[in-house]
Amino acid sequence: MRNIFLLSLGCSKNTVDSERLMAQAAASGMIFTEVADDADIILINTCGFIQDAKEESIAETLAAIRKKQEGMVRKVYVMGCLPELYRKELGEEMPEVDGFFGTRELPEVLQAIGAGYREELFDRRMLLTPPHYAFLKIAEGCNRQCSFCSIPKIRGRYVSQQPEQLLREASILKESGVCELNLIAQDISVYGCDLGGKPLLNDLVLRLSDMAFRRIRLLYAYPLNFPMEVIDTMRERENVCNYLDMPLQHISDRILRSMNRGIDRAGTLRLLESIRERNPGIRLRTTMIAGYPGETREEFEELLRFVEESRFDRLGCFPYCHEEYSPAYLLEDNVNPEEKQDRVAELMELQESISQEKNREYEGKEILVLVDQVEEGTAFGRTEYDAPEVDNECILETAGFDVRPGMFCRASITDSTPYDLEGEVTGIE
């Protein structure tokens, strides 16, 4: 029996990988600790998507190595995206690490830590999220060839999980107390196309909806060939959130071509118009990249005007990162880092004003909130339009109600900021 400290870095897809590993290891008698100093083994599931994430993964690995050198832990293992890209280099620079494993080597990781892989436990997970919500990873990998992205190199070709397997996994999650299910993949738009030659996303959403989850949310839709019937399902099914996360990245035709997105400005505008016509109540989240190679001031201002006119409900923006395993690495990274950060700040300042206007519309209204956390008479939760970890928060005075995490409550909104709603609980659902 060994004590293991697992540090899971990066995205929600990494979180699911870590949860699968923990369930398998626990079945072999492994114990997971919450503090590294209580462990025999430190296992780090790394992120290698952008430079900041790489630096965090390396810093945490060096910290684990120091604990090993000081005799506080016996073994250090590193897995996930970073070894997938730099296994040889990491091995040379960090010989103290006892093993490096990529994103598709779960049995090998388990063997290294003294556990065994059992196929019948594939659906099992030990949640790292609060027990009332979870992520359901419906596919692995990506077939898109976006020039700025190294995910196909890291995760491989797109592989949809079988619908029946996903339904079994969802059933286990529901039985464990999960009431909000967040569907994730690098690209949910083409889910099922590799199984039956046609998109199966809407069919999967309908079947999950029939299982009576309180909330089902869709994250990370690619704009090209998105199955529009899903938009109708969001409108028709009460437990399917009227929320879609669809990263668009840019609006300039030249940059979209260079990014190899497969859709132009006109196609993007038609898509957004069609989505909002079919479902006027939908809330849209998107992501943009500023400072892509060759992006002129005029092209950035075109992006600013697009964001101002489109009025997205949620928006994130990242400075372009020159990734050596992405196709765009062949281009000249000619927007200087300071200018990239300035453009990100300018775009986010614009979005902040949009978000403030949208949030003011909630003031004086009563809404339904899922509570994530309660501290000293204050509840922190989310509306159906807010995904965990990345979107707005509702900050509510409990007003004498016995509010606990995982509860749905009614709340009267009295004030707002660009990224938060404030109010008090008026009842428990």
For [Y], is there an ion pair with [X] - N to carboxylate O distance below 4.0 angstrom?
| X | Y | value |
| --- | --- | --- |
| R237 | D210 | yes |
| R125 | E169 | yes |
| R214 | E180 | no |
| E384 | R215 | no |

**Request:** Assert yes or no for the condition that the ring centre distance of Y329 to F148 is strictly below 6.0 Å.
**Result:** no
All pairs passing salt bridge (Lys or Arg N to Asp or Glu O under 4.0 Å) where [range] contributes a residue, at least two apart:
| range | answer |
| --- | --- |
| residues 147-164 | D17-R155, E140-R155, E164-R207 |
| residues 255-268 | R265-E302 |
| residues 414-429 | R410-E429 |

For [Y], does its backbone N or O pair with a side-chain atom of [X] as donor and acceptor, under 3.5 Å?
| X | Y | result |
| --- | --- | --- |
| Q341 | E338 | no |
| Y191 | Q161 | yes |
| N279 | I231 | yes |
| S147 | A328 | no |
| S412 | G423 | no |
| K340 | N336 | no |
| T287 | C317 | no |
| S326 | E323 | yes |
| N260 | Q145 | yes |

**Fill in**
By salt bridge (charged side-chain N to carboxylate O under 4.0 Å, His left out), R314 pairs with (sequence neighbours left out) D386
**Partner residues of D123 under the salt bridge (charged side-chain N to carboxylate O under 4.0 Å, His left out) criterion, sequence neighbours left out** = R168
Show the atom names and distances, to 0.1 Å, of all donor-acceptor pairs under 3.5 Å that link a side chain in residues 81-91 to residues at least two apart or in another chain.
residue	atom	partner	partner atom	Å
E84	OE1	T103	N	2.7
E84	OE1	T103	OG1	3.2
E84	OE2	R104	NH2	3.3
Y86	OH	K54	NZ	2.8
Y86	OH	E324	OE2	2.9
R87	NH1	F100	O	3.1
R87	NH1	E105	OE1	3.3
R87	NH2	E105	OE1	2.6
K88	NZ	E92	OE2	2.8

**Asked** So Y292 and S258, side-chain hydrogen bond (donor to acceptor under 3.5 Å, both in side chains) or not? Walk me through it.
**Response** CA-CA 9 Å; Y292 182 82; S258 182; 2.8 Å; yes
**Item:** Ring-face cation of K358 near F312 (centre distance under 6.0 Å, axis angle within 45°)
**Value:** no
**Asked** Do R285 and Y243 meet the cation-pi criteria used here (NZ or CZ under 6.0 Å from the six-membered ring centre, within 45° of the axis)?
**Response** no
